[in-house]
Amino acid sequence: MIDISAISVRRTATIHDALLKLDKAGFGMLLVLNAEGTFERTVTDGDIRRLLLQGCNMQDSLASLAKIESIVLRDGYTQKEALALMNEKAINHLPVLDGEGLVIKVLERKELDEQILLSTPHMGSWEREFVDEAFKTNWIAPLGPNVDAFEREVADHVGVRHAAALASGTAAIHLALVILGVQRGDTVFCASLTFSASANPIAYQGAEPVFIDSEPDSWNMSPVALEKAFAHAAKAGKMPKAVIVVNLYGQSADMDPIMELCNRYGVPMVEDAAESLGARYKGRASGSFGVMGIYSFNGNKIITTSGGGMLVSDNEDYIRQARFLSTQARDPAPHYEHTRIGYNYRMSNILAGVGRGQIRVLDERVASRRRVYDRYRQGLADCPQLQWMPEPQWSYSTHWLTACTVDPARSALTSSEVIGKLAGDHIEARPVWKPMHMQPVFSQCLSFDHGDRSVSADLFANGICLPSGSNMADAQQDRIIESIRTILG
Ligand SMILES: *Cc1c(COP(=O)(O)O)cnc(C)c1O
């Protein structure tokens with residue numbers, strides 16, 4: 001933010017003093033104010049040069065400046081209008097005036113046309129060291145000391161015994177299903193409100209997904225809908241082979257009732273914690289509840305290896321199988337011997353080095369994302385159109401993405417209109433995940449709602465994810481907040 005007093009002069013000031021101020025502010029432009037302190041015009045280096053060339057001397061006042069109409073904005077402008085005006089007039093700064101003619105701020109082009117992205121990679125200071133070490137020792141290929149150490153570090157961080165570092169979170173989900181014996185003709189229950197990567201591996205195995213709705217309190221899998229699905233499966237005499245629970249936007253699902261149902265029906269739970277590394281449920285790490293849990297280190301996730309994933313479990317045999325299957329399922333033999341179908345799913349030693357640097361700053365990244373969420377809530381507290389993704393008492397969310405809904409009863413604009421207007425202000429916001437039961441590719445699949453209507457469908461209809469990167473500057477977030485306030489009116 002530009003300090004207005006540092007670039008303001010009275011019309012009675014001398015040319016000498018104005019030049020001093022111009023020089024000190026290093027801004028190329030001053031605001032000329034009249035006796036009442038209201039805005040008169042701007043003055044540039046060039047304007048003063050012309051005064052001197054006209055014969056003024058350094059002790060003359062700025063009074064000889066012509067009374068021109070400077071280009072200004074009135075409060076209530078949109079960022080898009082501001083930028084259009086700057087482009088039209090070929091200027092880089094614009095004073096903004098209130099109703100009394102007082103300058104309330106000066107807009108800079110660079111703060112208006114910089115694109116703010118949803119979530120970008122945020123490197124720490126350790127990654128290079130681990131990657132350099134891999135280069136020095138020529139340990140570039142899959143496997144190596146960084147892979148072993150990264151597995152140990154993630155397992156220790158989340159309090160699970162074993163971990164296998166893989167090429168992606170999707171690969172981790174796929175292997176979990178392979179290990180649980182999911183095959184053609186089976187069904188697998190899966191949260192509906194999620195990214196397609198949660199459900200695609202079910203199809204890779206030729207099995208049928210059954211989609212479970214969200215509950216309003218956590219936006220995650222509804223125990224009510226899950227119970228309906230289990231009751232239906234029991235009646236049909238066909239139990240699912242697994243339940244995939246997703247922890248959305250960094251928040252755990254309500255594990256106690258979900259685990260109780262899975263245990264009651266004797267179905268193993270796989271926890272898709274791709275978005276929730278660092279989150280907790282009743283104090284325990286997200287991702288540590290299922291028979292297997294998965295994390296993602298994709299570029300947009302809370303920490304990243306540029307691409308990668310991890311399968312974790314207390315069951316040593318599961319993780320041994322994951323390592324075997326992810327390296328082409330080679331049986332012990334001097335030649336290449338295979339009794340099972342394998343995959344090329346292992347993480348490389350280089351990328352594990354990036355991961356080792358990233359895991360060291362995970363707690364900081366979580367704290368930053370939580371702060372982003374808090375600042376949105378504070379900055380937009382008086383916008384009744386917005387409802388924030390709730391954080392139940394039992395949840396410690398990473399707020400990987402800050403998500404909210406736009407109440408159609410209170411807002412003149414729909415969530416997609418708000419997203420469109422934010423895009424006009426160079427701000428990348430996204431809709432909430434489109435539920436899997438609404439996806440054309442899964443349109444034949446069975447799904448179970450929380451109540452009379454689909455909670456996940458409503459969240460999709462009204463939801464917005466806001467830029468939430470741990471490396472977003474406060475000034476960028478303030479720009480987003482201001483933009484949303486203007487858009488909502
Ligand atoms: C990102 C993501 C995945 C997939 O992880 P990748 O590492 O990109 O394969 C799976 N599930 C959810 C919920 C995700 O957000």
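When reading the values below, keep in mind they use all heavy atoms of this one structure, side chains included, and skip hydrogens, waters and symmetry mates. Atoms within a ligand are numbered from 1 in the order they appear, just like the ligands themselves.
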- Message: Within the 4.0 Å heavy-atom shell around Ala274, which atoms of ligand 1 are there?
- Response: 2 (C), 3 (C), 10 (C), 11 (N), 12 (C), 14 (C)
- Query: Judging by distance only, is a nitrogen or oxygen of Lys301 under 3.5 angstrom from one on ligand 1?
  - Reply: yes
- For ligand 1, is there an N or O atom under 3.5 Å from any N or O atom of Ser296? yes
- Identified side chain to side chain donor-acceptor pair (under 3.5 Å) counterpart of Ser470 within the set His122, Arg370, Glu364, Arg371: His122
- side chain to side chain donor-acceptor pair (under 3.5 Å) with Asn92: which residues, sequence neighbours excluded? Arg109
- Message: To the nearest 0.5 Å, what is the distance between CD on Glu417 and CD1 on Ile487?
- Response: 11.0 Å
- Message: Restricting to non-hydrogen atoms, name the atom on Gln251 and the atom on Pro390 that form the minimum distance, rounded to 0.1 Å.
- Response: NE2-O, 3.0 Å
- Short N or O distance, Ile173 and ligand 1, threshold 3.5 Å exclusive: no
- Query: By number and element, which atoms of ligand 1 are closer than 4.0 Å to a non-hydrogen atom of Ala197?
  - Reply: 3 (C), 4 (C), 10 (C)
- How far is atom 15 (O) of ligand 1 from its nearest protein heavy atom, and which residue and atom name does that atom have? Glu275 OE2, 2.5 Å
- Query: What protein heavy atom is closest to atom 11 (N) of ligand 1, reported as residue, atom name and distance in Å?
  - Reply: Asp272 OD2, 2.8 Å
- Message: Could you identify the single nearest non-hydrogen protein atom to atom 9 (O) of ligand 1 and state the distance to 0.1 Å?
- Response: Thr170 OG1, 2.5 Å
- Note on the structure: Note: ligand 1 atoms sitting under 4.0 Å from heavy atoms of Gly308 are 7 (O)
- So does Asp331 pair up with Arg340, basic N to acidic O under 4.0 Å? no
- Are Asp449 and Lys228 ion-paired here, with the side-chain N under 4.0 Å from a carboxylate O? no
- Query: Heavy-atom contacts under 4.0 Å between Ser168 and ligand 1: side chain, backbone, both, or neither?
  - Reply: both
- Task: Tell me yes or no: between the side chains of Arg377 and Thr402, is some donor less than 3.5 Å from an acceptor?
- Result: no
- Residues Glu133 and Arg356 bridged, charged N to O under 4.0 Å: no
- Message: Heavy-atom contact check, 4.0 Å cutoff: does Gly309 meet ligand 1?
- Response: no
- Query: N/O to N/O below 3.5 Å, does that happen between Trp433 and ligand 1?
  - Reply: no
- Please list all pairs passing the side chain to side chain donor-acceptor pair (under 3.5 Å) test where one or both residues lie in residues 166-189, with sequence neighbours left out. His174-Gln205, His174-Tyr345, Asp186-Lys241
- Thr194 heavy atoms, cut-off 4.0 Å: which ligand 1 atoms fall inside? 13 (C)
